[in-house]
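Read through the structure below, which is laid out as structure tokens, and then see the notes.
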Amino acid sequence: MLCVCCLCSGMTFSCSWARVFAFVWIGAVSAQDWHAEVPASVTALSGLCLTIPCRFNYPGSKFSKDKLTGIWYRGYFVAQVYNSEDPNAVDPHFKGRTSLIGSLENNECSLKIQNIRESDAQTYMFRIEIENQEKYTYKDKSVTVNITGTPPSTSVNCPGVLTERVPVSLYCSTVHTCSDAAPILRWSPVVEHSAVTQLKRQSTTWGAWEEKSQLNLVPSAASHLKELQCMATYPNGQQGSGKKCRLIVKYAPKNVTVSVQSPVGNIRQGDVVILSCQSDSHPLPHSFSWARMQDGQEELLLGETDQELNLPSVERAPGLFRCQVENSIGKNFSQPISLDVLYSPVILEPSWCMVKSGEMLCVCVAQANPPPSIHWIHPVTMDRIDGEKNISASSSHQVTASLRAALPTLYLAGDHFTVVNTTEDQEGLTNITFSCVAENNLGSTFLVFALKEKVSPTKSATGTRHHVGLVAGIVVGMIALLSALGGLIFKVWRAVMVVNRRETEEANWFQGKGTFWEIHRFFSKYRLLSKRC
């Protein structure tokens, strides 16, 4: 500057501007060395702590910690919030609640405020004082503090469409400004086949930390449409949560069942029955198939590929039915379903009657649903005779009943069996008929045992079935009548043929005998025909 003044001798005004210029330039250079790095604003959760991140620089060489004093002010020098050298200079509102994070020697000036209150929502600035040197306030780097009573939201990376049994990981995160009061992240609801891992805390920006939780999930049908939510719980009890994540899971058909769609209520023999195949699957099934099981054999019903199976005229024992459902993920079967078909009684072939040791023994086997009751009809008085149900030989729809009765001598009514003109050698059984009757609330049928010959102890009489109210009995009677007439005609024809043959032989022998031959031939023919017929 002295050189400049010499050069400017006699030019006092110009030298003065030169000195001013030089001062401004040096000040400008020095001001560029005073620099601080702070965020423009931070937001804190009421009741927790707050950290204002800060780093600073000053010109010249570094000084030791004992040469440096760091001061934080509220507003524009309104009150001291923190003083590293003189804690008593701190405003009572902040006393005991503030501290410096880091070391001034390392150019660290981050301020931590505990137990944040609504009144702490102010602007703050940092000042550095170097002993016996310069002092500088970073007024152009003030920080605005915002206070909220609502915790920040959590964030979940919601995956796309999942597939059952294919593992996937979901992440939940939240950012907070209090390193001492990190929230705990929890998932809800708890999902089967899942595990939660709390990941290591990470610092995102100055004064902010990220908490992260990982949910390892093996999706299943039970996970489909579940809405997961991640919640952050802070030490003071406050909770923050974000949007729910709805899981979309593709899975093979589950819970496959067959149900009767029609008719509603009881099924009777001959009804039209519609079965429906239902399942739980995603996506929806694209294929159905049906199978029927009878006598231990399974038959695939070819051509039946609809969700419903139509049985136009159901039998009394249609077998078991089951369906198979398939979608793009897999296929599954239903459990077999049996149809409870109601039908009137049917008397089965094992039914029989026999006479042994002076007793009439009968067994009648009938099927019906509901199960039938069985009784016998007295052959003479037409009274009802109840037998004894054989429980061991009966099942849910089949009933076996037996009758054991002594042979009386003549027309005994009531609960005793009656046989006409019974003799010890059982010749009196020639004209006896004995009926077994099976009935339920849908109808009745009977089987007639006709004892047409002497019955040995090992030979049983077979019967003829009759259905009450039907013309079947009439048809059977007509057949029996025609059979009898046919037998009679055959006997007459045979007798005539025999007579004609003998007549021819006698005619040759009595040829020329005259009137006596004609009379003899007439009586012989009459006697032979009578005997033959």
Side-chain angles (χ1 to χ4, degrees), residues 27 29-45 47-117 120-147 175-183 200-211 234-235:
V29 172
S30 300
Q32 287 181 359
D33 291 338
W34 295 97
H35 179 69
E37 296 178 10
V38 292
S41 66
V42 292
T43 300
L45 183 61
L48 300 182
C49 68
L50 166 68
T51 299
I52 300 176
C54 175
R55 290 187 62 85
F56 71 97
N57 287 317
Y58 56 87
S61 59
K62 283 186 173 292
F63 293 90
S64 61
K65 179 180 178 181
D66 57 339
K67 300 293 184 179
L68 301 173
T69 300
I71 303 172
W72 276 91
Y73 284 94
R74 176 172 63 86
Y76 191 75
F77 300 105
V78 173
Q80 288 192 20
V81 172
Y82 173 81
N83 190 314
S84 63
E85 187 67 26
D86 185 10
N88 292 326
V90 175
D91 185 284
H93 180 74
F94 290 96
K95 191 170 290 187
R97 294 199 298 130
T98 58
S99 60
L100 202 67
I101 299 177
S103 172
L104 294 173
E105 188 176 10
N106 295 327
N107 302 97
E108 297 170 338
C109 53
S110 298
L111 176 68
K112 184 174 183 179
I113 306 175
Q114 299 283 2
N115 192 20
I116 287 291
R117 307 165 185 172
D120 295 336
Q122 302 286 338
T123 58
Y124 298 84
M125 62 183 183
F126 178 67
R127 175 183 175 85
I128 187 68
E129 295 181 354
I130 305 173
E131 185 179 321
N132 300 322
Q133 298 291 326
E134 301 185 62
K135 303 174 183 180
Y136 190 85
T137 303
Y138 300 90
K139 298 185 292 294
D140 59 335
K141 294 293 184 179
S142 62
V143 181
T144 300
V145 173
N146 301 305
I147 308 300
V175 176
H176 62 97
T177 57
C178 183
S179 59
D180 295 344
K200 186 178 179 180
R201 180 185 305 169
Q202 295 180 346
S203 178
T204 56
T205 59
W206 273 10
W209 290 266
E210 182 185 48
E211 302 296 329
Y234 291 84

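Values in this document were obtained by computation on a predicted structure and should not be read as measured data. The figures here come from the full heavy-atom set of this structure, side chains too, leaving out hydrogens, waters and symmetry mates.
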Looking only at heavy atoms, which two atoms of [X] and [Y] are closest? And how far apart?
X: Arg127; Y: Thr137; value: NH1-OG1, 2.7 Å
X: Pro59; Y: Asp33; value: CB-CB, 3.3 Å
X: Val175; Y: Tyr234; value: O-OH, 4.4 Å
X: Gly102; Y: Glu108; value: CA-OE1, 2.9 Å
X: Val81; Y: Tyr124; value: CG2-CE2, 3.6 Å
X: Thr51; Y: Ile101; value: CG2-CD1, 3.7 Å

Close side-chain approach of [X] and [Y], heavy atoms under 4.5 Å:
X: Phe126; Y: Leu111; value: no
X: Phe94; Y: Tyr82; value: no
X: Asp120; Y: Arg97; value: yes
X: Met125; Y: Trp72; value: no
X: Thr123; Y: Tyr76; value: no
X: Tyr136; Y: Tyr58; value: no
X: Ile116; Y: Leu45; value: no
X: Ser41; Y: Asn146; value: yes

In this structure, are over 12 heavy atoms from other groups packed under 6.0 Å from Lys95 atom NZ? yes
For Arg117 and His93, what are the C-alpha separation, side-chain angles and deciding distance, and is it a side chain to side chain contact (heavy atoms under 4.5 Å, CB included)? CA-CA 10 Å; Arg117 307 165 185 172; His93 180 74; 3.6 Å; yes
[atom2] on [Y] to [atom1] on [X], rounded to 0.5 Å:
X: Ser179; Y: Leu48; atom1: OG; atom2: CG; value: 11.0 Å
X: Cys54; Y: Lys141; atom1: SG; atom2: NZ; value: 10.5 Å
X: Leu100; Y: Asn83; atom1: CG; atom2: CG; value: 10.5 Å
X: Ile113; Y: Arg74; atom1: CD1; atom2: CZ; value: 10.5 Å
X: Glu210; Y: His176; atom1: CD; atom2: NE2; value: 9.0 Å
X: Lys135; Y: Ile128; atom1: NZ; atom2: CD1; value: 11.5 Å

Please determine whether side chain to side chain contact (heavy atoms under 4.5 Å, CB included) holds for the pair Tyr138 and Glu37, giving the CA-CA distance in whole Å, both sets of side-chain angles, and the decisive distance to 0.1 Å. CA-CA 10 Å; Tyr138 300 90; Glu37 296 178 10; over 6 Å; no
Looking at Lys67 and Glu131, is there a salt bridge between them, counting it only when a charged N and a carboxylate O are closer than 4.0 Å?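 Salt bridge flag = yes for Lys67 with Glu131.
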Using the rule given for side chain to side chain contact (heavy atoms under 4.5 Å, CB included), can you reason through Thr177 versus Thr43, listing the C-alpha separation, both sets of side-chain angles and the distance that settles it, and then say yes or no? CA-CA 7 Å; Thr177 57; Thr43 300; 5.7 Å; no
Under the criterion side chain to side chain contact (heavy atoms under 4.5 Å, CB included), I'd like the reasoning laid out for Gln80 against Tyr73: C-alpha separation, chi angles, the key distance, then a yes or no. CA-CA 4 Å; Gln80 288 192 20; Tyr73 284 94; 3.5 Å; yes
